[in-house]
*Asks:* 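Below is one structure. I have some questions about it.
Computed from a prediction, not measured in an experiment: that's the story for all the values here. Letters A, B, ... are given to chains in the order of the sequence lines, protein chains preceding strands, and every chain is numbered from 1.
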Protein chains: 2
Amino acid sequence: MHPLALTYFRELQDRICANIERVDGGTRFREDSWEREGGGGGRSRILENSTVFEKAGVNFSEVFGEMDAAFANHLPGEGTSFTATGISLVLHPRSPLIPTVHANFRFLTRGSASWFGGGADLTPYYPVLEDVTHFHRTWKAVCERHAELANYDKMKRDCDEYFHLKHRNEARGVGGFFFDYTGADRLDATFAFVKDAGEAFVSSYVPIVERRKSLAWTAEQRLFQEYRRGRYVEFNLVYDRGTIFGLKTNGRTESILMSLPPVVRYIYDYQPAVGSPEAALTDYWLKPKDWANMGLSDV
Amino acid sequence: MHPLALTYFRELQDRICANIERVDGGTRFREDSWEREGGGGGRSRILENSTVFEKAGVNFSEVFGEMDAAFANHLPGEGTSFTATGISLVLHPRSPLIPTVHANFRFLTRGSASWFGGGADLTPYYPVLEDVTHFHRTWKAVCERHAELANYDKMKRDCDEYFHLKHRNEARGVGGFFFDYTGADRLDATFAFVKDAGEAFVSSYVPIVERRKSLAWTAEQRLFQEYRRGRYVEFNLVYDRGTIFGLKTNGRTESILMSLPPVVRYIYDYQPAVGSPEAALTDYWLKPKDWANMGLSDV
């Protein structure tokens, strides 16, 4: 375990939740503290049916114990003993005009190996270039402040690769940054990077919410959002390593699946009208691009 | 491939769809014929937003080609060449008072090995003993007509074991029957059993729909149905072998995921009121019981 990281993640949960409550302006987070049978526990915070956020889950956990051997072999280190601490959040706004966002920062050990991982990615339904470039530029700036270990271009590509639905050959969203198994040889510098990234989350996302939260949306846009949320479920249940890690290590199911969207619609073989904003999502926005360096003139 | 099984499954799709349209009394199935890049194809039939059924998918497919080696090793036979033909259906009624049903019958080969598999299981939201016993008794009677190879008690237990959400320690529904890797040494007798089961599907389920389809339901019941449908998604995306087989063998995604419910609600840590019918679902009905031999006096 890394006591400083643990404390940092726990306090980061407080700061992020306070900022989400501020921009939401509605109800407060509900908190559930829980213990894990095999060792450790966590603190889950959830906002449901609030003003801006239809469902917002922010998890902190510190768990340890023994892993399934077959699963352990996919990780660095040796043996089946592990520790994991981190913060994980998924925010589902009610408005289809505000993107869903996910972020996660974590510290893990297996036997003698230890590493940080994390990242953040944005999933808009009706993307706006200003929002997408803002999100990416925030993370690029963080990486540039830690250039000795954090390569934004690589972390951006890794994010695109990770948040990809193979069975649909489709990106989950417009990406962000992603890193894993980082820090073995320079844990302190990596921790500094992780802290800087953790602090940047609010500034990466809240300005987007502020810009979009007063806009009216149509029933068609809402329907499209509910339909697209189905992809979020597909990704999280079929591919997401955090979800699978949680379910395989006897994590708390309700906390792990807090990431699932509140209302989802599965429509057979939905095809957006040619030239519509709904078609543009998959045809243009969900094809990875160098968003951080893109100006308004490039659209 | 087994040309007789292939023809049988294709014709069974016609008969089942005709019966679903009859009890639905609304729109007709829409049909999509598709080809699979690696070999074969299928015929997907879907009913959406109809009278009784909110979403009803009935798939027929005959596919062949090469499988991923790591995946192939979980199957009987040798090598990576495979063929698969079968019918698979999931019917999601609009009314929370009518159970969701799933059935699947299939014939597979890998190298020199070949086998049948299949089964049916019922997922009620507000179960009625009469319906649950009727469903189980139908399958028990089919098994008893093929007692030399079909052991209902075992197939019922295998169904309970298969349709189990490990991360929730919860059954998907009230079960039914399930068999796999069957027939290697007596393919003809197994085919006769599969045909008998295929013909029994309509009589296992349609009488339940007839009994419940005119009953009014409340908004609370509908909400609970949408919430419970989330479990169906969890099972299909995390555990279901058919879904995983389809996605891993480059199947047609829209046909594979036709099984997902039309509208789903994910609520954090939902707890039904003590003593409510919603609590009875998990506390009583989703604990496997010997439904086929249960009388009304046992409830």
*Asks:* Could you check whether any side-chain heavy atom of A/Leu257 comes within less than 4.5 Å of a side-chain heavy atom of B/His167, counting everything from C-beta outward?
*Replies:*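 Answer yes - side chains close enough.
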*Asks:* With a cut-off of 6.0 Å (strictly less than), are more than 12 heavy atoms of other residues, nucleotides or ligands near CZ of A/Arg30?
*Replies:*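 Yes, the 6.0 Å shell around CZ holds more than 12 heavy atoms from other groups.
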*Asks:* Which atoms of B/Ile256 come close to chain A, meaning under 4.5 Å heavy atom to heavy atom: side chain ones, backbone ones, both, or neither?
*Replies:*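 Answer is neither: B/Ile256 stays 4.5 Å or more from chain A.
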*Asks:* Could you pull out the closest heavy-atom pair between B/Glu48 and A/Tyr266, with the gap in Å?
*Replies:*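 Minimum heavy-atom separation between B/Glu48 and A/Tyr266: OE2-O, 4.3 Å.
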*Asks:* Under 4.5 Å between any side-chain heavy atoms of B/Val263 and A/Val264, yes or no?
*Replies:*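 Answer no - side chains too far apart.
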*Asks:* Is it true that, when you exclude B/Glu35 itself, more than 12 heavy atoms of the residues, nucleotides or ligands shown sit nearer than 6.0 Å to its CD?
*Replies:*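 Result for CD/B/Glu35: open.
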*Asks:* Under 4.5 Å from any heavy atom of chain A, what part of B/Glu234 do you find: side chain, backbone, both or neither?
*Replies:*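 It is both, since atoms from each part get that close.
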*Asks:* Is it the side chain or the backbone of B/Ile267 that comes within 4.5 Å of chain A heavy atoms, both, or neither?
*Replies:*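 For B/Ile267, the contact with chain A is made by backbone and side chain together.
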*Asks:* Around A/Glu161, counting heavy atoms of other residues, nucleotides and ligands shown, do more than 12 lie under 6.0 Å from its CD?
*Replies:*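 No - once you tally the heavy atoms of other residues, nucleotides and ligands closer than 6.0 Å, there are 12 at most.
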*Asks:* Identify whether the distance between the nearest side-chain nitrogen and carboxylate oxygen of A/Glu254 and B/Arg168 falls below 4.0 Å.
*Replies:*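 Answer for the salt bridge query: yes.
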*Asks:* If you look at every heavy atom in B/Tyr268 and A/Lys55, which pair is closest and at what distance?
*Replies:*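 In terms of heavy atoms, the two residues are closest at N-CE, 4.5 Å.
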*Asks:* At a heavy-atom separation under 4.5 Å, does A/Lys166 approach chain B through its side chain, its backbone, both, or neither?
*Replies:*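 For A/Lys166, neither part sits under 4.5 Å from chain B.
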*Asks:* Around atom CZ of A/Arg15, are there more than 12 heavy atoms from other residues, nucleotides or ligands closer than 6.0 Å?
*Replies:*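 More than 12 within 6.0 Å, yes.
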*Asks:* Does atom CD (A/Glu66) have a neighbourhood of more than 12 heavy atoms from anything else shown, all under 6.0 Å?
*Replies:*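 More than 12 within 6.0 Å, yes.
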*Asks:* Do the non-hydrogen side-chain atoms of A/Asp269 and B/Arg252 ever get within less than 4.5 Å of each other?
*Replies:*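 In contact.
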*Asks:* Below 4.5 Å from any heavy atom of chain B, which atoms of A/Arg229 appear? Answer side chain, backbone, both or neither.
*Replies:*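 Neither part.
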*Asks:* Can you tell me how far the CG atom of A/Leu237 sits from the OG1 atom of B/Thr243, to the nearest 0.5 Å?
*Replies:*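 The distance works out to 11.5 Å.
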*Asks:* Is it the side chain or the backbone of A/Leu260 that comes within 4.5 Å of chain B heavy atoms, both, or neither?
*Replies:*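 Both the backbone and the side chain of A/Leu260 come within 4.5 Å of chain B.
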